[in-house]
Amino acid sequence: MMYNAGLFQYLSLAGVLFILGVFGVLWRKNAIIVFMSIELMLNAANLVFVTFSRFMASHPDGYVAMQGHMFAFMSMVVAACEVAVGLAIIVVIFRNKKTIDVDDMNLLKG
Amino acid sequence: MNPSGIQLFLKQNFDIQTVMPLIVVAATALLVLLLEATIRGKSRTFLTAVSLVGLGVALLLTLFNFPGAKQSSFYGMVRTDAFAQFFTVIALAAGSLTLLLSANYLPKIKSDTGEFHALVLLAVCGMILMAIGNDLIVLFLGIETMSIAMYILCGIRVDAEKSNESSLKYLLLGAFASAFLLFGIALIYGATGTTNIEALINSGGVLYGISGIKEYQWDTGAYQFAETAAQYFFILGVAFVFLGFAFKIGAVPFHMWTPDVYQGAPTSVTGFMAVGVKAAAFAALIRVFLGIVDFGDLYSSNAIAYQPLMDLKDVLLGVIWLVAVLTMTLGNLSALIQTNLKRMLAFSSIAHAGYALVGVSVALRLSGDDRDAAVGAVMFYLLAYMFMNLGAFGVVIMMNRGNDEGEHLHDYNGLASYRPLVAAAMAVFMFSLAGIPPTAGFVGKFYIFSAAVSAGTVEGYGLYFYSLAIIGVLNSIISVYYYLYPLRNMYFVSAEREHKVELRPLMSASILISTIFVLWIGVMPKGFLSRALEGAKALFFG
């Protein structure tokens, strides 16, 4: 018999991805890798949305919850915009400072 | 479907009129970008004029042609009630004042680009979306539209390392918080089966999410397990969403970015961030977050077969008490030791978020008229805060001469002797921020703390709300010291050298408007308050 992955498996995967992203943001020093970790977190959330939406389609009232699928598309668009802006900012920083290490961002203090 | 049926369908679900202000602002932003490409090399004052006309038309539409109370459209995605109207006005006014302040400031910092105007307009679009959004999808899109525009605005001084740094910090931390918000929304969706706040309230407190899945209906054990899991998802989701909001309003312990980002960003952007982003975040916090918590409360009172895991409202009240107290106290104490006025105002904006959170906690606990009064107090406070804070940042901009000069407290020495009017305006803003009558800040604080005191009369919550009100008042007293410090410098310290303070017309107009409104709201708050109460009453579907 083939084994089908269920709700629990998908959610666990999403949880693991999200936690990996959190640790990436907190521990890594390179701005681009921090940014990639944030994308990982957003994609974990997308996976949760699609999982819930997929499994809720079998609701007893015949109620189809499509918002999850829609939300995943919306957040993909948002993530794409964020990447475009984020990489532009990182490029500008690299031009001025010749580094993108987040620990070197220490001009503003007080 | 016959033609008239289609018309009716469109009218019911896609009533364009409800989002007209939003469309006008977005169209103006695109127009400004097009014009920028064609008038390259010339003055940007023209673009300021076009943007202001767009914002003005949107403001008129909002004030005089807003659809009737409690109107949902676009399948319940947006809700254009008096509450949305109030916050739309705040967003539009904040955008207009920011553009007025920036007109003469941008050339000085060598960032006189057309994109600036377009980005401010797009950020205003995001804020309006947050004000009218009645669905978590719209809320998320609004937050991101606003935030992405703000990330760029912070870094608009491409050649200034401080501006770059501010932009990167805001981007990384903002996106981090957004990811938590999105994950929280996903969990709430999984537990409740919907992203719509109205559907959530109307569900009568039943978790239609994963516990409604057909496979689980077969045996009781699996259903119980799913129901419990759904509760965990819901609670975790509420926690994550609150974390996202706490970041946006700059509440402790998610406030660390605020001073750095505020100091590094161009001053007019800082002012815009402090008032616009905060007001929009509070609008969403009140409408969406309180809506979700209401659902949690309904669930607790509705659970027939299964024990609710916790009284969500009580736990949240504890959390918000702690957050509000820490936010007020840390913000004020940190502001005491600042020598840079911009950084000081950043810490003060943290403290002001704390005062507003006091009002939110009251709204969380009470119901009916008391709740409306508390929500109205927060709305009124945010309106007053917009004028006084943008005014204060306006004076800082006026003192600026291209670099960081004009931001330090000693730059204000003796200002009253050579620029008495500017000093007087600054005095009004500082008195208002400190909460001294007869200014808007005093009235705002009065309403918030009196709401907290009246909530203290509720059985069992006396200690909770009285302590909150007392700590708030004590904090206001602390804050008087650092708000009056610049006044001491302006009036009682003689200037070593006179700064060249140019009174440019647009900038002066912005400061004048702010001064008039701060005094007007302070002396005659009744009209503004009744508008805020109207907005609060339109809320909560009751």
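Each chain gets a letter, A, B and so on, in the order its sequence line appears, and its residues count up from 1.
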Query raised in the report: Tell me, do A:M74 and B:F140 make a side-chain contact under 4.5 Å, heavy atoms counted?
Result: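 Side chain of A:M74 against side chain of B:F140, heavy atoms only: no contact under 4.5 Å found.
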**Report entry** Best-contacting candidate, B:L172, B:I152, B:L187, against chain A by heavy atom pairs under 4.5 angstrom
**Finding:**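 Going by pairs under 4.5 Å, I would pick B:L172.
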Query raised in the report: Most heavy-atom pairs under 4.5 angstrom with chain A, which of B:A175, B:G174, B:S178, B:G190?
Result: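 Between B:A175, B:G174, B:S178, B:G190, the count favours B:G190.
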Query - Residues of residues 18-25 of chain A contacting chain B, heavy-atom criterion under 4.5 Å, by residue number - result: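 At a heavy-atom separation under 4.5 Å, chain B is reached by A:F18, A:V22, A:V25.
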Query - Contacts of residues 92-102 of chain A with chain B (heavy atom under 4.5 Å) - result: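 At a heavy-atom separation under 4.5 Å, chain B is reached by A:V92, A:I93, A:N96, A:K97, A:V102.
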Report task. Please state whether the side chain, the backbone, both or neither of B:Y170 comes within less than 4.5 Å of a heavy atom of chain A. Result ->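 Neither; nothing under 4.5 Å.
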Requested in this report: Using non-hydrogen atoms and a 4.5 Å limit, figure out which bit of B:S166 sits close to chain A: side chain, backbone, both or neither.
Outcome: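 Both backbone and side chain.
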**Report entry** Pairwise salt bridge (charged side-chain N to carboxylate O under 4.0 Å, His left out) hits with a residue in residues 168-189 of chain B, at least two apart
**Finding:**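 Passing the test, one end in residues 168-189 of chain B: B:E165-B:K169, B:K169-B:D260.
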Report task. Against chain B, label A:L42 side chain, backbone, both or neither, depending on which of its atoms sit under 4.5 Å from a heavy atom there. Result ->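 Looking at A:L42, backbone and side chain both touch chain B.
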Report task. With a 4.5 angstrom heavy-atom cut-off, could you sort out which part of A:L11 is near chain B: side chain, backbone, both or neither? Result ->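 For A:L11, the contact with chain B is made by the side chain alone.
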Look up atom [atom1] in [X] and atom [atom2] in [Y], then write down how far apart they are to the nearest 0.5 Å.
X: B:N164; Y: A:M105; atom1: CG; atom2: CE; value: 8.5 Å
X: A:C81; Y: B:L141; atom1: SG; atom2: CG; value: 9.5 Å
X: B:F183; Y: A:L17; atom1: CZ; atom2: CG; value: 9.0 Å
X: B:L168; Y: A:F35; atom1: CG; atom2: CZ; value: 9.0 Å
X: B:L182; Y: A:F71; atom1: CG; atom2: CZ; value: 5.5 Å

Query raised in the report: Is it true that a side-chain atom of B:Y151 and a backbone atom of A:G86 form a donor plus acceptor pair closer than 3.5 Å?
Result: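 Checked: no pair found.
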Search all heavy atoms of [X] against all heavy atoms of [Y] and return the closest pair with its distance.
X: A:Q67; Y: B:T195; answer: CG-OG1, 3.5 Å
X: A:A45; Y: B:A186; answer: O-CB, 3.9 Å
X: A:E82; Y: B:I148; answer: N-CD1, 4.0 Å

**Report entry** Counterpart residues, salt bridge (Lys or Arg N to Asp or Glu O under 4.0 Å), relative to B:K342 (two or more places apart)
**Finding:**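 Residues passing salt bridge (Lys or Arg N to Asp or Glu O under 4.0 Å) with B:K342: B:E407.
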Query raised in the report: A:F52 vs B:F233 aromatic rings, parallel, tilted or perpendicular, using cut-offs 30° and 60°?
Result: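 Ring orientation, 0 to 90° scale: perpendicular.
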